[in-house]
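Have a look at the structure below before the remarks.
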Amino acid sequence: MKTKTFIFCCLAVLLPGLSGTLHAQWTSSGSNIYYNNGNVGIGTNNPLGKLHIISDYKNYYVNRTIPGNTDDNQSIYYLILHEAYSGAIIQDYYVMGKIVAERGGTGAWNRKWSIEVNTSSAYSSNRGSIISYNESSKLVTLQYAGKKYLAAVIAKQSTLYYFSFTGW
């Protein structure tokens, strides 16, 4: 029996702070731009990424860290994107953007793993598309902790680190 290993994407991720000289929280008066714990927010005073923009009730992230990594000993990993429709009406969940990771040392060949995803689970359906660069990947639905999720498959390769997400 193969072990399933999961890396969570956009649901509950916090970023480490930016390095630099700014060490205090600040707010720009009237322009809705905030600096908080190393992150900059536009439209939010609690940014969850290095740059987090909320516009028209959408959250846009630039290089939002996804914690976790793969390892050489597993056959398949799953990058869980969001909850999926499974027979009961649900709120709108979606991911639209690019997910990247790095592998190996600085001399490693083909160091970048990247996919572009466009998924949606809302009301009573699941839809999605994926474009994979460097290696094949696909979207799947799976059960985890009693819920159904949409996920991207990461085939066994060299260990991947430094996952990040840019998009909505």
(request) With side-chain hydrogen bond (donor to acceptor under 3.5 Å, both in side chains) as the test, would you mind laying out the steps for Tyr34 and Asn32 before giving the verdict? (result) CA-CA 7 Å; Tyr34 305 90; Asn32 211 13; 3.0 Å; yes

(message) side-chain hydrogen bond (donor to acceptor under 3.5 Å, both in side chains) for Asp72 and Thr159? Distances and angles first, verdict last.
(response) CA-CA 5 Å; Asp72 294 340; Thr159 302; 3.1 Å; yes

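Rounding to the nearest 0.5 Å places CG of Leu81 at 6.5 Å from CD1 of Ile115. To the nearest 0.5 angstrom, Lys58 atom NZ is 6.0 Å from Trp168 atom CH2.
Residues Glu135 and Lys112 are not paired through a salt bridge, judged by the lack of any N-O separation under 4.0 Å between the basic side chain and the carboxylate.
Both Ile130 and Leu160 are assigned to one and the same hydrophobic cluster, defined by single-linkage of ILVMFWY side chains at heavy-atom distances under 4.5 Å. Cluster annotation: Ile76 and Tyr149 are assigned to the same hydrophobic cluster (Ile/Leu/Val/Met/Phe/Trp/Tyr, side-chain heavy-atom contacts under 4.5 Å, transitive).
Figure legend: Lys98 and Tyr133 shown as a cation-pi pair, the cationic atom lying under 6.0 angstrom from the six-membered ring centre and within 45 degrees of its axis.
Proximity of a side-chain donor or acceptor of Ser137 to a complementary backbone N or O of Ser132 within less than 3.5 Å is not detected.
Shown are Arg127, Gln91, His82; of these, the side chain to side chain contact (heavy atoms under 4.5 Å, CB included) with Ser121 is made only by His82.
Side-chain contacts under 4.5 Å among hydrophobic residues (ILVMFWY), followed directly or transitively, place Tyr123 together with Ile89.
The closest side-chain donor-acceptor pair between His52 and Asn59 falls under 3.5 angstrom. Side-chain contact of Asp71 with Tyr77: a donor-acceptor pair under 3.5 Å is present, judged by distance alone.
In terms of the side-chain hydrogen bond (donor to acceptor under 3.5 Å, both in side chains) criterion, Thr141 has no residue partners (sequence neighbours excluded).
For the residue pair Thr166 and Asn63, the shortest heavy atom distance occurs at OG1-N, 2.9 Å.
Taking the six-membered ring for Trp and thresholds of 30 and 60 degrees, Trp113 and Phe163 have ring planes more than 60 degrees apart, a perpendicular arrangement.
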